[in-house]
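First the structure, in the form of C-alpha cells, and then the observations on it.
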Amino acid sequence: MDKVLSIIKDNKLTYNQKVLNLAQAAEDSLSVFNITEETKEYIEARIICDLNEGNAPYKARYILPDYEKFMKNGSKFLELEPPKDIWEATNNLLILYKHVPSVTSFPVYAGNLDTLLEPFITDEEEAYRAIKLFLLHMDRTLRSSYCHANLGPASTKAGRLILKAERELQCSTPSITLKYNNETPDDYAIDAINTALITAKPSFANHSMFVHDFGEDYGIASCYNGLNIGGGSYTLVRLNLYFLAQRSKGIEDFLNNVLPEGVVRTSSLMDEKIRFLVEESGFFDTSFLVEEGLISRNRFTGMFGMFGLAECVNHLLLPKTPEERFGHGEEANKLGLKIIEKLQEEVGRHYNKYCETTGGNFILHAQVGIDSDTGISPGCRIPIGEEPELQEHIIQSAVFHKFFPSGISDVFSFDSTVKQNTEYILDIIKGAFNENMRYFPFYSTDCDVVRITGYLVKRSEMEKLDQGKAVLVDNVVLGLGAVKNQKVLDRKVR
Amino acid sequence: MAKGLVNRIIPFSSVDGPGNRAAIFLQGCNFNCLYCHNPETINLCRNCFICVKECPYGALSVEEGIVLWNNNLCKKCDICLKCCPYHSSPKVVAMETEEVVTIVKRISGFISGVTVSGGECMLQSEFLISLFEKMKDMNLTTFIDTNGSIPFQDNQKLISVMDMAMIDVKSFDSEEHKKLTGMDHSIVLKNVEFLGNIGKLYEIRTVIVPDILDNYSNVDSISRLIAKINPSIRYKLIKYRPLGVRKELMESCIPSDAMMNELAGLSKANGCNNVVIT
C-alpha cells in the first residue's frame with residue numbers, strides 16, 4: 001500500500017494523473033500471466049520489458065478506430081447523429097476521443113483529420129475557428145502526446161487549415177504525421193515543413209511503403225506506429241538487444257542461440273497478454289467500438305519491439321576506434337543488419353492465432369526507449385553524440401526500415417537558418433524515401449515543442465516540471481527523464 | 001577530361017542556392033578581400049613544406065617534391081591552414097570530373113543540384129563545363145557562385161550548361177571595391193547586367209561591414225540596379241562575421257539587426273521584392 005499512498009501524496013501529479021496511476025497500481029497488484037521462470041528472469045533483468053502495459057490487460061494497447069465509419073453512422077452507444085457541419089463534426093470527434101481506450105487512457109490515434117473534416121469545410125474562416133478550437137481542446141484534455149493525427153497524402157483545405165492552426169497554437173498534442181508520396185504537391189509539403197520547423201510536426205511518413213505493408217487502410221499511431229485502421233495492436237513488448245548480447249559468448253552464440261531464445265521468451269509473454277485480453281478480460285466482447293464496427297478483433301496484431309541495436313553490435317564487436325563503431329564501420333553496420341535479419345526470421349517462426357491480420361505473426365517495431373533507459377539507444381538508431389554526417393546517417397539508417405512495418409525512425413534536428421530554404425528539407429525527405437526510409441521526423445533548434453524520442457514535449461513544460469511543479473501533459477515526465485538520461489536535446493544539429 | 005582543384009565538397013548544403021545542393025569549393029581566387037573568411041582558398045600550394053612539419057598527426061607528407069594529404073589520418077585540426085604563410089591549403093585535391101561525378105551520384109537522389117563555389121570557380125571554367133555536362137545528364141541543376149570578375153558573355157559553352165549564377169557585388173564604388181578586393185568592379189557589374197538579362201542570375205550578395213564600407217550607399221545603388229533588371233532576383237544581405245578573417249588586415253564588428261533591417265527596407269523601397277538577411 002506504500003505505492004498507493006505515495007501516489008496520493010505526490011505533489012508533482014495532477015488529480016487526473018493520480019487517478020490513472022492508482023488504477024495502474026491496482027492492476028499491477030495482480031498476476032495473471034502463465035509464463036516460465038526463464039521468462040520472468042529476463043523481465044527482472046530488464047532484457048524483456050512491457051513498457052508499463054499492466055499486469056492484467058483489459059484494453060488493447062493501441063486502438064485505431066474507423067473514424068470514417070463513425071462520421072458516416074454516428075454512434076448508437078454515444079447517442080450521436082452523423083454530423084452536418086464543421087461544429088458537429090469536431091464536437092462528435094471530441095466526444096468519441098474520450099471513449100477510446102489505450103495504454104495511456106487517451107486515444108493514440110485521432111484519425112485522418114483532413115479527410116474527416118474536409119466535407120464540412122464550406123466557409124473557410126468559420127472552419128478555421130472550429131479547427132483551432134478543436135485542436136486546442138485536444139491538447140488540453142487528451143493529456144498525452146502519444147495521441148496522433150494523420151494528414152495526406154493529398155492536399156486538402158482542411159489539411160492546410162490544420163497546419164496553420166498548429167503553427168499558431170504550438171501545442172504538443174496531437175502529434176501529426178503527413179502521409180507523403182509523389183502525389184503530395186510540393187507546395188503542401190513545404191507548408192508542412194514550415195509548420196514542423198515551428199512546432200516539430202508533422203513528421204513525414206513514406207506512404208508507398210506503408211501501403212505496401214498494410215494496404216490503404218493504415219494509420220500512424222502513438223510515436224510512429226503503422227497499424228490497421230479498425231484494429232491496432234494488442235500489446236507491445238520490447239527486447240533489449242544490448243542486455244541480451246551480454247548473455248552471449250560471442251557473435252555466433254548470440255545469433256544462433258541467445259537471440260532465438262530471447263525471441264521465444266518475449267513471444268511467450270506477448271502470447272499470454274493477448275490470451276488474457278482476448279479470452280478473459282472481455283474487452284472485445286463488450287466494447288461499443290466493436291459492437292458498432294469501429295474496431296474488430298481480427299484487425300489487431302502484436303508488436304514485437306526491439307531496442308539497443310547499436311550497443312548490442314558494439315558489445316559484440318568491441319570496436320577500437322570511433323570509425324569502427326555501429327553507424328560508421330562497415331563490419332559493424334553489416335553485423336547490425338545480420339542481427340535484424342535474424343530477428344525477423346525468428347519472430348516470423350512464432351505463430352499466434354489472434355494475429356491473423358499479419359499472417360499469424362507479430363510485427364517488428366523499433367522501440368524509442370523510455371525515460372529510465374541509460375546508455376542504450378532506441379531501436380536501430382546511432383547513439384546521440386556519434387551521429388555521422390546527414391547523408392551518411394540517412395543511407396546507413398534506411399537499410400533497417402523495411403523490417404519494421406509497425407514503426408522505426410531517427411529524429412533530425414535542423415538549425416533554424418534552414419527556415420530560409422525549406423526546399424532543402426523536402427529534397428532530403430524525397431531522397432530518404434527513395435532510399436526506403438519509412439519515417440522522417442524533424443524539428444528546428446529554436447522550437448519550443450521538440451520531439452523527444454518519438455513523442456512531443458514542450459521545453460517550457462519540462463523546465464516547469466524540473467522546478468517541482470505539476471504539469472498537464474503526462475509525457476513531460478517522460479521527456480524530462482529522457483533529456484537527463486539520454487541527452488536527447490544534444491542531437492547533432494544539421 | 002578536365003581536372004579541378006577541389007578545396008572541399010559539402011554533400012548537403014542549405015545555403016548555396018535553392019533546395020539541397022552539393023557544394024563544391026574550388027581552390028584559387030583572383031580577389032584578395034580584406035574580409036575573406038576562408039583565406040586558405042585564395043592561393044595554390046607552393047610546396048614549401050612548412051605545414052608538413054607542423055601537422056601533429058602525420059597526415060601530411062612529401063612525395064616527389066609535392067605535399068600529399070592523407071584524409072584518413074587527418075583530424076581536421078586546421079593547424080596546416082593556420083601555419084600556411086601563403087593563404088593556401090595542403091588539402092586541395094586535383095580531381096577528375098569523373099571523380100566528382102562519383103561523389104555526387106551517391107547522393108543524387110537527395111539534391112536539387114550542385115553549386116560550384118570557391119575560391120573563384122570561374123578561373124577553372126573548363127572544369128565547370130565538363131562537370132556541368134555530366135550533372136545535366138543526371139537531371140541536376142547547375143549553379144555557380146562567383147565574385148563576377150571573369151566575363152560570362154564570352155563563354156557561351158558554359159552558359160549553355162549553367163542554370164544560374166550567384167554573384168557577389170561587394171561594393172558599388174570602384175575605388176572602394178579596389179581597396180577591398182584588389183580589383184576594379186566594372187566586369188562584375190557587366191556580368192550582373194548580362195546574366196540578369198538572360199534570366200540566369202539567381203542572387204546578388206553584399207556583405208555588410210560596419211565602419212569599413214559605405215554600406216548604405218552600396219546597398220542603395222545595388223538594389224536599384226537589381227530592381228531595374230528584374231525585381232525578383234534575390235538580394236541577400238550578409239552580416240559580416242569575424243570568424244576566419246585575417247585580423248591584421250581589417251577589424252570590424254557584426255552589424256546590428258537594426259542596421260540590417262534598415263538596409264533590407266531600403267532595398268525593398270528601391271523595388272527589390274526578394275530580399276533576405278543572413
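So that the names make sense, note that chain A is the first sequence line, chain B the second, and so on, each numbered from 1. These numbers were taken from a predicted model, which means no experiment stands behind them.
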Residue-level interface, [range] with chain B, non-hydrogen cut-off under 4.5 Å:
| range | answer |
| --- | --- |
| residues 177-206 of chain A | none |
| residues 397-417 of chain A | none |
| residues 428-439 of chain A | A/Ile428, A/Lys430, A/Gly431, A/Ala432, A/Asn434, A/Glu435 |

*CD/B/Glu133: more than 12 non-hydrogen atoms of other groups inside 6.0 Å*: yes

*Counting only heavy atoms not in B/Arg8, do more than 12 sit closer than 6.0 Å to its CZ atom?*
no

*Could you go step by step and tell me if A/Glu323 and B/Asn72 meet the side chain to side chain contact (heavy atoms under 4.5 Å, CB included) rule?*
CA-CA 10 Å; A/Glu323 291 78 21; B/Asn72 295 326; over 6 Å; no

Atom group of [X] that falls short of 4.5 Å from chain A, counting heavy atoms:
| X | answer |
| --- | --- |
| B/Ile111 | backbone |
| B/Ile277 | backbone |
| B/Ser108 | neither |

_Please enumerate all residues that pass side-chain contact (heavy atoms from CB on, under 4.5 Å) together with A/Ala154, with sequence neighbours excluded._
none

_Closest-packed option against chain A by number of heavy-atom pairs under 4.5 Å, given B/Gly17, B/Pro18, B/Ser14_ = B/Ser14

_Under-4.0 Å salt bridge between A/Glu423 and B/Arg21_ = no

*Okay, side chain of A/Asn421, backbone of B/Asn20: is any donor-acceptor separation there less than 3.5 Å?*
no

_Smallest separation among heavy atoms of A/Gln420 and B/Arg234, with atom names_ = O-NH1, 4.2 Å

*Is chain B contacted by the side chain of A/Ile394, its backbone, both, or neither, given a heavy-atom distance below 4.5 Å?*
side chain

*I would like to know whether A/Asp427 and B/Ser112 meet side-chain hydrogen bond (donor to acceptor under 3.5 Å, both in side chains); could you show each step before the answer?*
CA-CA 7 Å; A/Asp427 278 345; B/Ser112 287; 2.4 Å; yes

